[in-house]
2 protein chains.
Amino acid sequence: MPKTPEPDRTTIQDVARRAGVSVMTVSRSMRGVEGVSEMTRQRILSLAQDMNYVPSSSARALAATNANLIGISFPTLFNDVFPDILEGMRRIFDQAGYSSVMDTTDYDPARELSWAERFLAWRPAAVILTGVDHDPELRARLIRGRIPTLEIWDVTDDPIDLCVGIDHYREGLALGRRIAEMGYRAPVYVGAPPGMDHRADMRAEGVSDAFRAVGARELVRRGGLGGNSFVVGAEGFGQIDLADAPDVVFFLTDNMAFGGMMAAQRAGLRVPEDIGIVGFNGLDLTTVLPRPLTTMASPRRQIGQVGARHLLARLNGVSSPRITCLPCEFVAGSTVRSQ
Amino acid sequence: MPKTPEPDRTTIQDVARRAGVSVMTVSRSMRGVEGVSEMTRQRILSLAQDMNYVPSSSARALAATNANLIGISFPTLFNDVFPDILEGMRRIFDQAGYSSVMDTTDYDPARELSWAERFLAWRPAAVILTGVDHDPELRARLIRGRIPTLEIWDVTDDPIDLCVGIDHYREGLALGRRIAEMGYRAPVYVGAPPGMDHRADMRAEGVSDAFRAVGARELVRRGGLGGNSFVVGAEGFGQIDLADAPDVVFFLTDNMAFGGMMAAQRAGLRVPEDIGIVGFNGLDLTTVLPRPLTTMASPRRQIGQVGARHLLARLNGVSSPRITCLPCEFVAGSTVRSQ
DNA sequence: TTGTAGGCGTTATCAG
DNA sequence: CTGATAACGCCTACAA
């Protein structure tokens, strides 16, 4: 198979030759480092422009033994939570001169590991992972290699390095208590199947404990994983045994809650008269619904921003808190009855 | 500011020394290239493993004068269209041994340009852009540098290199005709403001022409850009002058259509009795709605897959069609009245 | 302010 | 099947 002929890239040598200076002068000019007279710099810069000279990042990274690269791993993008966090971070990294690279793992620790392995070969400045549940091999590698690492969206007592997120158990508990206080006693939780998603498990456990504390019926868990979250929510609702007369359904996310609410209405149930619906995240979506969703607003953008700042500090040798836990905020909505 | 001490990475030299062979033998072993006895290879591989040796991608890219990197640029991720396309491509690139890198531009050609400039410094194998409307400087650079380039989601007679997408004008026309046939005569289009989004303009023009052909009222355009698409749709609907008695509203996307439909109902209008609602894309979301949305299903995953295959062929020197236009499919739904 | 020498970690090439 | 040598394009360190 004939390969496409590679175009000749102009190198720093070419520019230096044409400018009649040494390579170092060009290098210094391009990087904006001190040590070149303003006149020469301007001359070289415009010459470089004319010659379409683009410094090779690989060569730079190799020579400088460091790449200004930060890798970010998310489970999925089919969920406004992660684009929100991403947006909070990227701008900050950009301004600090770092390039960021993103990948999705589809909630598969093996994919996360294989992505990280390939990415680490670029000798990045740092790595950002979602959650605190990773392949042990990955954790070991990051610690062994002393790679600055930030875990987001979840917190743990024992992070790989830094972590910024919310305490999913505590927020689940808080949310559960609010709802239990309203008199609900037959709760269902629709999310990922137990053991699949650590955060789902934590949140469900919190909700469960809240209801257990008031002597309510044991929390029932339902639902699958993967695919469009609206659809997953609707399907998850379909798995509920209505003969058990549940009075409130918690969903893992607002999107799922919306899908579930649609399914409930299709099944002839009125919300909130016949059944309560509770989401999680407080996405903007909920504001356009005919009936604002009862949910828990997570500080997504803030997680991204705070995480990025802490990581940058860490990269500059400034110590920053290893563990940062941000609070959520209850959004009353009207998909549960007040009493 | 004291920098974090860099950990010592083990190099190919270290491994070679420990194995008592030359670096070339290690290099060959790691790459799985011919020229090493199976026994030596196994020995070296396991040794490398033990030593936590990870080949440096920068050095490899530098020496091989090529990085197996493909960059992908999307306007946003707050829209299931792009994650869908992405999913269609990434797997294919992975299997072909390419790493892909992604960025979002927020519909800003300047940001697209600056991303591309930084990315091109890595000497990637190819670049993928969304749409066919780019900063002229970017277009020039890609052509001049002979960078294999794929434009997706839109088609044009004169692509930078390759393009795979849909004909937004034609699909707008087809959709408009379907709706016009049902007897609607006072259409509104809610999307990006004219001039902001090339695809929105094309689609709106198609719809407009369809209605003009049947002597209907001139298409009215409304709506802003940016932010959560559900909210944008709802706000866009709010900008419509109901005194003009529009009978059908087209939205740029399904998400916006849903937001708009909610706003319509809040305004006391029944769908489809009082007003028709039409979306675009055929997202899974529409299947969970109480009333399935009338829309046009776009072949998103297919665009990703076909695009990836054509690009790979191109990289292997196999010629592939420069322009590939994929068809959409009308989804009747029930948010318009049949007559 | 500018230049020189050496090396970053890998692969291509050609010789054994 | 294996190894020596010379790039790859740039930056660090030191010298002028």
Side-chain angles (χ1 to χ4, degrees), chain A residues 3 6-45 48 51-69 97 118 120-125 145, chain B residues 3 6-45 47-48 51-69 97 118 120-124 145:
Chain A
K3 294 264 176 182
E6 283 302 310
D8 292 344
R9 323 278 191 180
T10 97
T11 75
I12 197 170
Q13 292 265 17
D14 303 335
V15 181
R17 210 164 1 239
R18 273 270 292 262
V21 298
S22 77
V23 186
M24 268 320 292
T25 303
V26 179
S27 171
R28 286 194 261 258
S29 303
M30 295 304 294
R31 280 179 297 160
V33 185
E34 289 185 353
V36 191
S37 72
E38 201 44 37
M39 229 184 58
T40 353
R41 161 160 297 146
Q42 291 307 332
R43 191 166 61 85
I44 290 180
L45 249 35
M51 299 177 70
N52 299 317
Y53 168 60
V54 179
S56 154
S57 292
S58 313
R60 176 172 291 177
L62 183 58
T65 54
N66 109 59
N68 281 323
L69 258 187
R118 270 191 311 185
L120 286 176
W122 290 98
R123 306 289 133 94
Chain B
K3 294 265 178 183
E6 284 302 312
D8 293 343
R9 323 276 190 182
T10 98
T11 75
I12 197 170
Q13 293 266 16
D14 303 334
V15 180
R17 210 164 0 238
R18 272 271 291 262
V21 298
S22 75
V23 283
M24 271 318 294
T25 303
V26 178
S27 172
R28 284 194 263 258
S29 301
M30 295 305 294
R31 281 179 296 159
V33 185
E34 288 186 356
V36 191
S37 73
E38 202 43 38
M39 229 182 58
T40 343
R41 160 160 297 145
Q42 289 309 333
R43 191 166 62 85
I44 291 180
L45 249 36
L47 181 60
M51 298 177 69
N52 299 318
Y53 168 60
V54 180
S56 152
S57 292
S58 312
R60 177 171 290 177
L62 183 58
T65 55
N66 111 60
N68 282 322
L69 258 188
R118 270 190 311 182
L120 286 176
W122 290 98
R123 307 289 133 92

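Basis for what follows: all heavy atoms, side chains included, without hydrogens, waters or symmetry-related copies. Per chain, numbering begins at 1; letters A, B, ... match sequence-line order.
Spacing between atom CZ of B:Arg43 and atom C1' of D:dT2 amounts to 12 Å, rounded to whole angstrom units. For the pair B:Asn66 CG and D:dG9 C1', the interatomic distance rounds to 15 Å; values are reported in whole Å. At whole-Å resolution of the value, CG in B:Leu62 and P in D:dA7 are 14 Å apart.
Distances shown here put a side-chain N or O of B:Thr25 below 4.0 Å from the OP1 or OP2 atom of D:dG3.
Running 5' to 3' along DNA chain C, contacts with non-hydrogen atoms of chain A at under 4.0 Å begin and end at C:dT1 to C:dG9.
Closest of all the heavy-atom pairs between A:Ile44 and A:Ala19 is CG1-CB, 4.4 Å. Nearest heavy-atom pair across B:Trp122 and B:Ala67 is O-CB, 3.6 Å. When all heavy atoms of A:Leu62 and B:Ala59 are compared, the pair lying nearest together is CD1-CB, 3.8 Å.
Projected onto DNA chain C by closest heavy-atom contact, B:Met30 and A:Gly35 fall at different nucleotides, the more 5' of which corresponds to A:Gly35. Taking the nucleotide of DNA chain D with the nearest heavy atom to each of B:Ala59 and B:Val21, the more 5' of the two is matched to B:Val21. Mapping B:Thr40 and B:Val23 onto DNA chain D via the closest heavy atom, the residue that lands nearer the 5' end is B:Thr40.
A:Ala121 pairs by the side-chain contact (heavy atoms from CB on, under 4.5 Å) definition with B:Val54, B:Ser57, not counting sequence neighbours. A:Gln42 meets the side chain to side chain donor-acceptor pair (under 3.5 Å) test with A:Glu38; sequence neighbours excluded.
Atom OG1 of A:Thr65 is separated from atom CZ of A:Arg60 by 13.5 Å, given to the nearest 0.5 angstrom.
Using a distance-only test at 3.5 Å, with no hydrogens or angles considered, no donor-acceptor pair links the side chain of A:Arg123 to the main chain of A:Ala61.
Listed by first and then second residue, the salt bridge (Lys or Arg N to Asp or Glu O under 4.0 Å) pairs that reach into residues 13-35 of chain B are B:Asp14-B:Arg17, sequence neighbours excluded.
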Item to complete: Go through A:Thr25 and A:Ser22 one step at a time and tell me if the side-chain contact (heavy atoms from CB on, under 4.5 Å) criterion holds.
Response: CA-CA 6 Å; A:Thr25 303; A:Ser22 77; 3.4 Å; yes

Item to complete: Could you check B:Met30 against B:Val15 for side-chain contact (heavy atoms from CB on, under 4.5 Å), going step by step and ending with a plain yes or no?
Response: CA-CA 11 Å; B:Met30 295 305 294; B:Val15 180; over 6 Å; no

Discussion item. Under the criterion side-chain contact (heavy atoms from CB on, under 4.5 Å), I'd like the reasoning laid out for A:Ile12 against A:Ser27: C-alpha separation, chi angles, the key distance, then a yes or no.
Written reply: CA-CA 7 Å; A:Ile12 197 170; A:Ser27 171; 3.7 Å; yes

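Each end of the helix from C:dT1-D:dA16 to C:dG16-D:dC1 gets its own axis from five base pairs, and the two axes differ in direction by 30°, given to 10 degrees.
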Distances for protein N/O vs nucleotides 12-16 of chain D N/O pairs under 3.5 angstrom?
from   : atom 1 : to      : atom 2 : distance (Å)
D:dT12 : OP2    : A:Arg31 : NH1    : 2.8

